[in-house]
Amino acid sequence: MRYSYILPRFILLTAIWGFFYFAFDPILKWSLEKSIGKAVKAEVEINILDTSFLPPKLYMAEVKIGDGKDEYKNLLEFAEMKFEIQAAPLLKKKFIINEASLSGLKFGTKRTRKLKTSEVKTPKFVKKLGYVSGAMGKAGLQNIKSGAKKKFEINPESLESVIFAKNLSKKHEAEYDALMKRADIKTYNTRLSELKAEYKSAKKQKNFLKKMKKLKKVAKKANRLSKDFKKNKNAIEKSLKSFKEDLKKIEELKNLDTKNLMGKMNMPALDNDSISKMLLAPAMTDKIEKAWKWTTLAKKYIPENPKKKLLKNKTQRGRIVHFPKLKKRPNFLIKEMLISGELKLDKPLAYKGTAKGITTQPFIYGKPMTIRIDGKTESAILKVLCSVDATKEVSESNFKINYSGIPVKKMELGSKESFGVSLRNGTGDFRGDFKIKGKALSGNATFKIKNAALKANAENIKFAPLKSSIEKSISSVSDISADIKVKGKLNSPEFSFKTDLADKISAAFKSALGDEVQKAKKEAERKVAEALKPYRAKIDNLINTRQNQIKKELKASQKSISDFAKKSIK
Amino acid sequence: MNPLSILRQFIKGLVTETAPNQMAMGIAFGFLLGLIPKANLTAQLIIILLMVLKTNLPMALLSLMVTSVLAPVFDKITDPIGYYLLNSPALYPLWAKLYNMPIMPWTDFNNTTLLGGLILGTILFAPAYILGKKFGIAYNKKFKEKIINSKIVKTFKQSWLLEWYFKEGI
């Protein structure tokens, strides 16, 4: 027996076996904790992780993903997750899972052990959500007295609309110059004179066949020049149109400045939008931020279009070159995952459902990912339908949530600094319908609460008639409805809020303050318009004179090009 | 392998398996391994080969560490080599066939630095071996005695715990 040969090899095999038996699971557990933690920017705990190789299986239990912002809260946790990976595709580095199961999924659970929190940046749009302009904003209502503050100075340079108009006029001037150059016939002169010379020489040609051939060539070139000009003309006209769009922005900012000025005059803006935003935004900000965080995280792993390679260049070293597959399979696919868990609001709701077609390469799998969740208690029904179709040129995702009979024990609307409304013991219905197409986000949600006891928190309002008017108008309300609309890009969505409660509060303001508010509004509008006047006049003048100049130049250029084109085609 | 066993191997490699060709082999393999990314089957196969053959492991480890530190510099050479080969029309059928074979995708052969590193490492294997051998001769002449008589090796050799644990000693 050659022990010197067998022994080292036996030791090596034992070492490999020992590695997979003792060290593989802890290493995998550690690397999963780190990689998931990095993706969600929070600490992750996996209590049990067990793998087996024949057949390839993974089992995870007691998994907690922390909330990066709250050290005693989990973003989510689940009791168990298990799946079996198909062996044959695994040999080709393909992780195909026929059926997986995820149970005990809960969101926003409390924890006893303190978690490491990381500095999570609040997106700009979320910060903007919390901002309410004018007297409806922070501490504004405290200062409302019987009448509007008459004497106050405004610095035109501090007005948003003035700053924007000032920058806009500079931008327009520079862009008009550039557009004028593009519209000028001189841009085409070289090509035109070349063509004219070619045309002349063609005309001089005595051989008829050669002459026709040359003229045909000139006509073709003239046609191309005409097409190029048209393309340029369209682009210029598009730019001119976009300048008019900028004027809309000035109007928007003008309204915002008016509201802010009314705040300075100690008068609230009474429009439904401002009051609705003041009431709903504080309660919704946290939820919107969380939903946005999950959506953007999911979006990271869903390619925008089939051509985009997912996780491209993720390898630390080198580039990956792909070759065609004889049998196309995605690199990672869970055909079906059974999900069950509990939604913990005021009253827990058990739910279960399925997620189908979870893959990193949907365009290879060819089917959209779908999630269906159903939950039911004696009084509440939850239905969630979600489909993510990234198999087309532009990915499209739809989310539908219907949750009726939600027990609402306690809910606070508005802010402590200004004024708020407390809701107690109501029943809510939530309907949400959202769509993401490419990078564009749109959707709306309606939340209706019935049979609730409402109380105004108006301690900070010092003006007694206003305080009592608000308290009175709120006390008679038991049902409220709130609508949230979202549109814009996924990285900077715009939200608008509407609630019928705002109409009642607006009426209370009107009855307490009489026509003071309207007077203040007119005064504020006058002041803003006055400050804006010179800049607006400059922009209007630019639009009238420069746009006409450009249009004239375009017309002249078009005439000389089309005249030549007609001549050469004859 | 537990940490004590690795330490034992390391010191054993420094003082026993120090024939110039064993050291040269260790250096050349370490160099080859340092040139390529490690999280793939190719690197694991080279590691197994390194352990099965009678090579000097400490030298392989040192060579691997030095080459890995210089990897960003070497990547500038290996990446274009790999990219050129993987995009070569003449080799396309071969790569496409390998890409569709079982196990082969785990070797990451379609990674530009891996393929380029493997090619460059194979070409420079012989020069690295020759230089390593020269170093091995110089090491045996100048440093071997010093290392054997060093405090750390002596303490390690005299440790009753290690003697009991390994029985045969180093």
Side-chain angles (χ1 to χ4, degrees), chain A residues 2-24 26-28 30-31 34-35 53 56 85-96 309 311-332 360-361 364, chain B residues 1-2 5-6 9 34-41 43-44 47-54 68 71-72 74-88 91-118 168:
Chain A
R2 281 183 63 200
Y3 284 110
S4 60
Y5 178 84
I6 293 168
L7 211 60
R9 281 150 188 85
F10 175 74
I11 291 168
L12 182 71
L13 282 175
T14 316
I16 293 169
W17 173 82
F19 168 77
F20 282 105
Y21 194 81
F22 295 108
F24 184 73
I27 290 171
L28 183 66
W30 178 83
S31 55
K34 293 289 156 202
S35 54
F53 286 89
I85 304 167
Q86 283 185 30
L90 193 61
L91 293 174
K92 291 185 178 179
K93 219 180 175 179
K94 305 280 177 192
F95 296 85
I96 311 289
K309 276 176 191 158
L311 306 175
K312 196 189 170 192
N313 292 338
K314 278 271 170 170
T315 46
Q316 280 184 328
R317 291 173 63 187
R319 291 170 281 176
I320 302 290
V321 180
H322 291 278
F323 299 93
K325 278 271 171 199
L326 295 176
K327 195 177 177 186
K328 278 194 173 181
R329 278 195 188 112
N331 285 339
F332 177 84
T360 51
Q361 289 165 304
I364 292 178
Chain B
M1 246 190 270
N2 61 42
S5 189
I6 293 169
Q9 280 283 337
L35 284 178
I36 62 171
K38 315 290 178 295
N40 52 67
L41 194 61
Q44 309 314 312
I47 292 171
I48 290 175
L49 195 67
L50 183 79
M51 290 169 93
V52 170
L53 292 170
K54 266 197 156 186
S68 295
F74 283 118
D75 283 358
K76 292 213 163 81
I77 309 163
T78 56
D79 177 66
I81 297 173
Y83 191 80
Y84 173 76
L85 290 171
L86 286 167
N87 286 292
S88 151
L91 293 169
Y92 183 85
L94 171 73
W95 304 135
K97 201 171 179 181
L98 290 177
Y99 197 68
N100 284 285
M101 271 166 69
I103 312 280
M104 284 314 288
W106 288 101
T107 61
D108 273 5
F109 75 91
N110 56 334
N111 179 312
T112 52
T113 43
L114 186 128
L115 189 67
L118 212 57
E168 77 273 26

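What you see below is based on every heavy atom in this structure, not just the backbone, and it leaves out hydrogens, waters and symmetry mates.
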Classify the ring geometry between W95(B) and F323(A) as parallel (under 30°), tilted (30 to 60°) or perpendicular (over 60°).
->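 If you compare the ring of W95(B) with that of F323(A), the planes turn out tilted.
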
Chain A contact via K76(B) - side chain, backbone, both or neither, heavy atoms under 4.5 Å = neither

Chain A heavy atoms under 4.5 Å from L115(B): which part of the residue, side chain, backbone, both or neither?
->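 For L115(B), there is no contact with chain A at all, as no heavy atom is under 4.5 Å.
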
Under the 3.5 angstrom rule, does the side chain of K92(A) hit a backbone N or O of N100(B) as a donor-acceptor pair?
-> yes

Check for a donor-acceptor pair, side chain of N110(B) on one end and backbone N or O of H322(A) on the other, with a separation under 3.5 Å.
->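 No.
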
Taking all heavy atoms of G318(A) and all of N111(B), pick out the closest pair and write down the distance.
->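 Taking G318(A) first and N111(B) second, the nearest heavy atoms are CA-OD1, 3.6 Å.
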
What do the steps show when you test V321(A) against F109(B) for side chain to side chain contact (heavy atoms under 4.5 Å, CB included), and what is the final call?
-> CA-CA 9 Å; V321(A) 180; F109(B) 75 91; over 6 Å; no

Do you know which of T113(B), T112(B), D75(B) makes side-chain hydrogen bond (donor to acceptor under 3.5 Å, both in side chains) with R317(A)?
-> D75(B)

Looking at side-chain heavy atoms only, is the closest gap between R319(A) and D79(B) below 4.5 Å?
-> yes

Most contact-rich option vs chain A, by heavy-atom pairs under 4.5 angstrom, among L114(B), I48(B), T78(B), I103(B), is I103(B)

Within residues 80-87 of chain B, residues adjacent to chain A where the heavy-atom gap is under 4.5 Å =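 Only Y83(B), L86(B), N87(B) of residues 80-87 of chain B have a heavy atom under 4.5 Å from chain A.
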
